[in-house]
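Notes to accompany the following structure.
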Number of protein chains: 2
Amino acid sequence: MSDDTWSPPPVLLTVDLVILTLRESRLHVLLVERAEDPFRGMLALPGGFLNHDGEEILDAAHRELREETALTAGRVHLEQLAVYGDSGRDPRGRVVSVAHLAIAPELPDPIAGTDATDAAWVPVEAVLSGEVELAFDHHRITMDGIERARAKLEFSSLATAFCREEFTIAELQQVYEAVWGTELDTRNFYRKVQAAKGFIVPIGTDRRSTGGRPARLYRAGPKTVLFPPLIRPTPSAPEENTRKEEE
Amino acid sequence: MSDDTWSPPPVLLTVDLVILTLRESRLHVLLVERAEDPFRGMLALPGGFLNHDGEEILDAAHRELREETALTAGRVHLEQLAVYGDSGRDPRGRVVSVAHLAIAPELPDPIAGTDATDAAWVPVEAVLSGEVELAFDHHRITMDGIERARAKLEFSSLATAFCREEFTIAELQQVYEAVWGTELDTRNFYRKVQAAKGFIVPIGTDRRSTGGRPARLYRAGPKTVLFPPLIRPTPSAPEENTRKEEE
DNA sequence: TCAAAAGTGTTTCGGTTACACCCATGA
DNA sequence: TCATGGGTGTAACCGAAACACTTTTGA
């Protein structure tokens, strides 16, 4: 923490959001079409500058989340992801972005925010495959956000943030399958989530669906740390993960 | 990413470092005594403002690290930790800090940097217990850095960053024991690190010490992701970790 | 030949997998 | 009564913990 006599160069601080949700059992990320230069017309993560001096970074993230999704705090998970500050990332000058990861249950269609002409849920495979191009370094931020979500499903109760207040174990399993991109054994999954005491707690009632036995309903439990964890299946072989590591 | 007509408020960006090392088999963090207000005379993490327009954040972190420890890149691990930007955290105004985690092998005594009257290695228990007080929100940053290191030892080869280029398995074990604050079974540890292929590779020679069989020497291997991981023993019981989670 | 540190073998045990099987509902 | 999805039982398997035991050095 320096205190030199010269005035250090100020930077502009933005908040960007990787908002993930499930739609039709597939993982989606919210993207907006930029209404202004730079990158006008291109897809980007929702976000924006801090709106007045003194606004907290986390508050700004909540505000942007509200503006884009009408999600009020409480029913959303929001956490800091990382800072992206490479000098070349924004043509307007030195703009440093504090990226956040948000997890939401399935929502009605998004509303256009102040900075975006349009907003839409995009399947993450379309982003990961490079099929859709994103403004700034938002492609990388999105990948980092997805990887964070994948990793946290193993050891935390984050998965419940994808669900509505009441959910079945089958719905919870769909979360894991969609985020990890794998298939899981229903029977074993059933016991594993119950073995992690405090992860989910049964609500008395059942949910009857078309055909088949009714499923018990659950609510998110008090624990955020899963023990034992739900280890994600190795995609095929954990080989050749040599010297890189996202830092 | 906003593009409104009003000018968003600029902030001052600093880089702070949680530099961890082992000294006499105990985990230490590097702290400096502040030479200037605010918090003059108090202990703080090394760090400072970006030094000219266009300096990359990671470069600034490397520069601060060099200034405090004479560590050149290469033999150090340095990664971004998190952003701390609460409006009240710095009495000078809106100062946002990008905290970094650095891991270094045992070093000669630190050199005073430009911003510090003195720098010293402090055992982390002294910080965690609240025995030493830190300036700004550096106590919290330090705790977050230590927790990050503890977590990464499980799944990454980070532990080798605490060692010199050549090390024995016993030395590596001391790293795990010091960082986790636990004792490990020598025999099982021995096999586990060898089972994680690519973690450490034997160099031909042995190191003879006073009394006892010579130990084989190893070097850090090519893999950064450990498989299987070295799970950290549950401190006693994994109970009551309810609704908090560092975010 | 003894102490000390390095390294090996082996048993036990808990968690995961794989899969056969039973349960409850709507059509 | 049958198809469908929910939920239970259980044997095989595998990695981790625990610990007895052997090896190689210096004193």
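Atoms considered below: every heavy atom in the structure, side chains included; atoms not considered: hydrogens, waters and symmetry mates. Numbered from 1 within each chain, the chains take letters A, B, ... in sequence-line order.
One atom, CD of Glu183(B), and another, P of dA18(D), lie 12 Å apart when rounded to the nearest Å. We find that CG of Asn188(B) is positioned 12 Å from C1' of dT10(C), with the value rounded to whole Å. Rounded to whole Å, atom C1' of dC19(C) lies 18 Å from atom OH of Tyr190(A). Atom-to-atom, CD of Glu171(B) to C1' of dA6(C) comes out at 13 Å; the value is rounded to the nearest Å. As a whole-Å value, the separation of Arg187(B) CZ from dA16(D) P is 16 Å. The interatomic distance linking Asp185(B) (CG) with dA20(D) (C1') rounds to 12 Å, in whole Å. What separates NZ of Lys192(B) from C1' of dG7(C) is a distance of 17 Å, to the nearest Å. Protein atom CD of Gln194(B) is 12 Å distant from nucleotide atom P of dG9(C), rounded to whole Å.
In this model, the phosphate group of dG7(C) is approached by a side-chain N or O of Arg216(B) to a distance below 4.0 Å at OP1 or OP2.
When each of Ala215(B) and Pro228(A) is assigned the nucleotide of DNA chain C bearing its nearest heavy atom, the one mapping closer to the 5' terminus is Ala215(B). Between Ile169(A) and Ala195(B), it is Ile169(A) whose nearest contact on DNA chain D lies nearer the 5' terminus. With DNA chain C read from its 5' end, the first of the two nearest nucleotides for Tyr218(B) and Ile231(A) is the one closest to Tyr218(B).
One distance of note links CD of Glu79(B) with NZ of Lys152(B); it measures 3.5 Å at 0.5 Å rounding. Annotation: the span from Leu45(A) atom CG to His100(A) atom NE2 amounts to 12.0 Å, rounded to 0.5 Å.
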ring-ring contact (aromatic ring centres under 6.0 Å, His included) between Tyr218(A) and Phe167(A), worked out
CA-CA 5 Å; Tyr218(A) 292 83; Phe167(A) 53 87; 7.0 Å; no
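Arg232(A) has no carboxylate O lying under 4.0 Å from a charged side-chain N of Glu177(A), or vice versa, which leaves the two without a salt bridge. A salt bridge links Glu171(B) to Arg207(B): one of the charged nitrogens lies within less than 4.0 Å of a carboxylate oxygen.
Contact of Arg191(A) with dT10(D) (side chain to base): a donor-acceptor pair of N or O atoms is detected under 3.5 Å.
Counting non-hydrogen atoms under 4.0 angstrom, Ala170(B) reaches the backbone sugars and phosphates but no base.
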